[in-house]
Novice: 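Okay, here's the structure, questions in a sec.
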2 protein chains.
Amino acid sequence: MRVTIAEVARRARVSKTTVSRVLNNKSDVDAATAVRVREVIAATGYIPSAGAVSLAKGRTRLVGVLVPALSPPGIGEVLQGVADVVEASDHSLLLSTTNRGADSLERFTRQVRAHAFDGLLLLDPPAAVTDNSALRDSDLPVVVIDGARAPFPSVAGDDAAGAAAVARHFLSRNRRRVAVVTGPGDRATARLAGFRSVLGEAGVPFADDRVAEAAFTAGSGRSAVRRLVASGLVFDAVFACDDVVAAGVLIGLREAGRAVPDDVAVAGFGDLPLSAFTQPPLTTVRRPLRALGEAAARRLLGKLLGDAGETPLTGPTVLPTDLVVRASAP
Amino acid sequence: MRVTIAEVARRARVSKTTVSRVLNNKSDVDAATAVRVREVIAATGYIPSAGAVSLAKGRTRLVGVLVPALSPPGIGEVLQGVADVVEASDHSLLLSTTNRGADSLERFTRQVRAHAFDGLLLLDPPAAVTDNSALRDSDLPVVVIDGARAPFPSVAGDDAAGAAAVARHFLSRNRRRVAVVTGPGDRATARLAGFRSVLGEAGVPFADDRVAEAAFTAGSGRSAVRRLVASGLVFDAVFACDDVVAAGVLIGLREAGRAVPDDVAVAGFGDLPLSAFTQPPLTTVRRPLRALGEAAARRLLGKLLGDAGETPLTGPTVLPTDLVVRASAP
DNA sequence: CTGAAAGCGCTTACAG
DNA sequence: CTGAAAGCGCTTACAG
């Protein structure tokens, strides 16, 4: 038999109103009464029904998180940062994916309309999500992680600066004949741009024949670097837009008989768990995944909890990235 | 202005009761009336409030998932399997971690008592969770993933069989002087036992001096194998209880001047993303992570949806593991 | 086939 | 300091 507020009130010989007041720490309750009520609560193990409270208060204490999928590397780190902050603020995480295409979007729209959560975190959202009219029309607080999508505030790592650090690292080691294996999407584009800007400033030649396209897989990185080799291009350093791609580049170079790092230095992006175990281990850019999740959650909760102060919930927040130097590009 | 069932009823000139009947697809509604109601629903974009529905029905359509942490490799895969099934069944995922110790457990207890979800999935739960009295006292349907914890039904991979497959693989390649780097916990124990059983049947000597202890880190695997080398033990194969540990073993052997696989074959466990990129790539045991999540979610939802049939929600379900042969132990 | 009323378990003015 | 009543937005017997 589930114990309700009515039961607690009966046992403590007060009204439900008074029990509610004690529960919510309202000040105007007689001390002795409060003690009595608390005793009953403790004795019965009473906990208010989450559903009833949220219906009455109009707030669910739920934070929605929408992710493209859960299996890609790095997602877990971001989510852990989110979870730590959300849980510490006495909220819970309602996790959804867009892994199932149109059906996922339909579900998402319903959740927004059903007021299933008080605020929403969007991890690397597709345009179909940020353009969603149910979302646009709602006054739901939203923070985008890892991708800027107007008109929503966002939190992202400084990929361009990370890529620029790689370029400076190459130049400082006198690797001036650089090649890039890039990928599809905004992410890779920003990295390529950051990398390129440093070369431009340094007056290092960097034409389009030094760029090969790849998807975000090792096999794709491997064949991209093979194409570079086959093209006759002379290069002593390769920057890959992603560590998995870089791992493929390593394999491709080995197959082509180029020694890393002696003949060619290689750097990746992301600092995945595997990057420390490639042969040689990868020089790469570490993204502040956990901090990204924490910062986004903090901004959202600040809004939900009505912190009118400090960080207004608008505009982008950019978190720094770090160059991690390992043997592939010492 | 949020549109409610009352508003829909008013516009469709029917009672809330009738709207509710249409919403829930009750059969006894006049066809024309139903059409009219549906038109109003479509025109207003009305979606029932999730909170109100769950309070009235006594069901939240939420599935709780408790995980130790989100960053370890493999968790995301399991969660993806869970999410796919849960979302396809028109439920949502309430995700919590025990990452914050006692506070996490306290929160968990509150959620159980507050009826925050209709059913619960426990991923590799600590005893503190499965012994929790709020959980024991509740009649909440529970399924444990990746760890058997009476009295709850469970879904797990057949680790012992996977380890046995490794042992048979070693023996089939005539590697009979085997060593093991094991780890703490039930998981590693089961693997060691499965491995050992095959050796026993084959009459291959395997004393305790062939076992080194490690934690679940590469550094720990590296020093464990160094100890084996330093002990003067002669071995031509190493089975590590985990791929990260095996990656460390690879490093330790290289440092000790032992060639893999020529001098020593190495196998790990888990088939992590990094395992394909070590040098040489790791022979290992693939765990059915996604399928684990799917199977657990299906069992739980079967119970929630009242499928009185097929899979009763009791006892363990065991899913097969696969040997993945790569260059470290061809 | 349809609706008025009670109920789910809380909170919140309002009145005292 | 305290309680009766209304309300949050639905669903569900019950009666017609």
Side-chain angles (χ1 to χ4, degrees), chain A residues 1-38 40-41 44-62 90 110-118 138, chain B residues 1-38 40-41 44-62 90 110-118 138:
Chain A
M1 194 54 235
R2 179 168 175 62
V3 24
T4 67
I5 196 173
E7 173 70 8
V8 173
R10 203 178 54 70
R11 296 208 199 187
R13 306 185 173 287
V14 294
S15 68
K16 295 187 297 176
T17 307
T18 296
V19 176
S20 176
R21 276 194 270 256
V22 172
L23 250 17
N24 292 284
N25 296 311
K26 308 278 186 193
S27 50
D28 38 357
V29 178
D30 180 80
T33 309
V35 167
R36 187 151 37 93
V37 171
R38 276 188 231 284
V40 174
I41 289 174
T44 54
Y46 169 68
I47 300 280
S49 150
V53 173
S54 66
L55 180 57
K57 288 193 170 169
R59 281 179 274 111
T60 58
R61 297 197 81 81
L62 253 32
D90 198 27
R110 288 187 69 89
Q111 290 193 318
V112 169
R113 286 232 164 81
H115 268 218
F117 31 68
D118 295 343
S138 77
Chain B
M1 193 55 234
R2 180 170 173 62
V3 24
T4 68
I5 196 173
E7 174 69 9
V8 173
R10 203 177 54 70
R11 295 207 199 189
R13 307 185 173 285
V14 294
S15 69
K16 295 188 295 176
T17 307
T18 296
V19 177
S20 177
R21 275 194 272 255
V22 172
L23 249 17
N24 293 283
N25 296 310
K26 307 279 187 194
S27 50
D28 37 357
V29 178
D30 178 80
T33 309
V35 167
R36 186 150 39 93
V37 171
R38 276 188 232 284
V40 173
I41 289 174
T44 54
Y46 168 70
I47 300 281
S49 150
V53 173
S54 66
L55 180 57
K57 287 193 171 170
R59 280 178 275 110
T60 59
R61 297 195 81 82
L62 254 32
D90 199 27
R110 288 187 68 88
Q111 290 194 317
V112 170
R113 285 230 165 81
H115 267 218
F117 30 68
D118 295 343
S138 77

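Proteins get letters first, then strands, A, B, ... in listed order; numbering begins at 1 in each.
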Novice: Taking the nucleotide of DNA chain D with the nearest heavy atom to each, does A:Ala31 or A:Ala56 sit closer to the 5' end?
Specialist: A:Ala31

Novice: Using heavy-atom distances to pick each residue's nearest nucleotide on DNA chain C, tell me which of B:Arg21 and A:Ala6 is more 5'.
Specialist: B:Arg21

Novice: Quick check for you: name the first and last nucleotides of DNA chain D, 5' to 3', having an atom under 4.0 Å from a heavy atom of chain B.
Specialist: D:dG9 to D:dA13

Novice: With A:Ala116, which residues qualify under side chain to side chain contact (heavy atoms under 4.5 Å, CB included), at least two apart?
Specialist: A:Leu94, A:Gln111

Novice: Can you list everything that forms a side chain to side chain contact (heavy atoms under 4.5 Å, CB included) with B:Arg38? Sequence neighbours excluded, please.
Specialist: B:Val22, B:Asn25, B:Ala34

Novice: Using a 4.0 Å heavy-atom cut-off across all strands, classify A:Ser20 as base, sugar-phosphate, or nothing.
Specialist: base

Novice: Touch check for B:Thr17, heavy atoms < 4.0 angstrom, all strands: base, sugar-phosphate only, or nothing?
Specialist: base

Novice: For B:Arg113, enumerate each residue passing the salt bridge (Lys or Arg N to Asp or Glu O under 4.0 Å) test, keeping only those at least two apart in sequence or located in another chain.
Specialist: none

Novice: What is the nucleic acid contact for B:Asp28, judged by heavy atoms within less than 4.0 Å: base, sugar-phosphate only, or nothing?
Specialist: base

Novice: Mind checking side chain to side chain contact (heavy atoms under 4.5 Å, CB included) for B:Ser54 and listing every partner two or more places apart, or none if nothing turns up?
Specialist: B:Thr60

Novice: Which residues pass the salt bridge (Lys or Arg N to Asp or Glu O under 4.0 Å) test with B:Arg13, not counting sequence neighbours?
Specialist: none

Novice: Is it the case that over 12 heavy atoms from other parts of the model lie below 6.0 angstrom from the CZ atom of A:Arg61?
Specialist: yes

Novice: Keeping to residues at least two apart or across chains, list the salt bridge (Lys or Arg N to Asp or Glu O under 4.0 Å) pairs with something in residues 15-31 of chain A.
Specialist: none

Novice: Side chain to side chain contact (heavy atoms under 4.5 Å, CB included) with B:Val19: which residues, sequence neighbours excluded?
Specialist: B:Ile5, B:Val8, B:Ala9, B:Val14, B:Leu23, B:Val37

Novice: Under 4.0 Å, heavy atoms only, any strand: does B:Ser54 hit a base, just the sugar-phosphate, or nothing?
Specialist: nothing

Novice: For DNA chain D, what dot-bracket results from Watson-Crick or G-U pairs at under 3.5 Å, with [ ] for crossers and | for inter-strand partners?
Specialist: |||.||||||||.|||

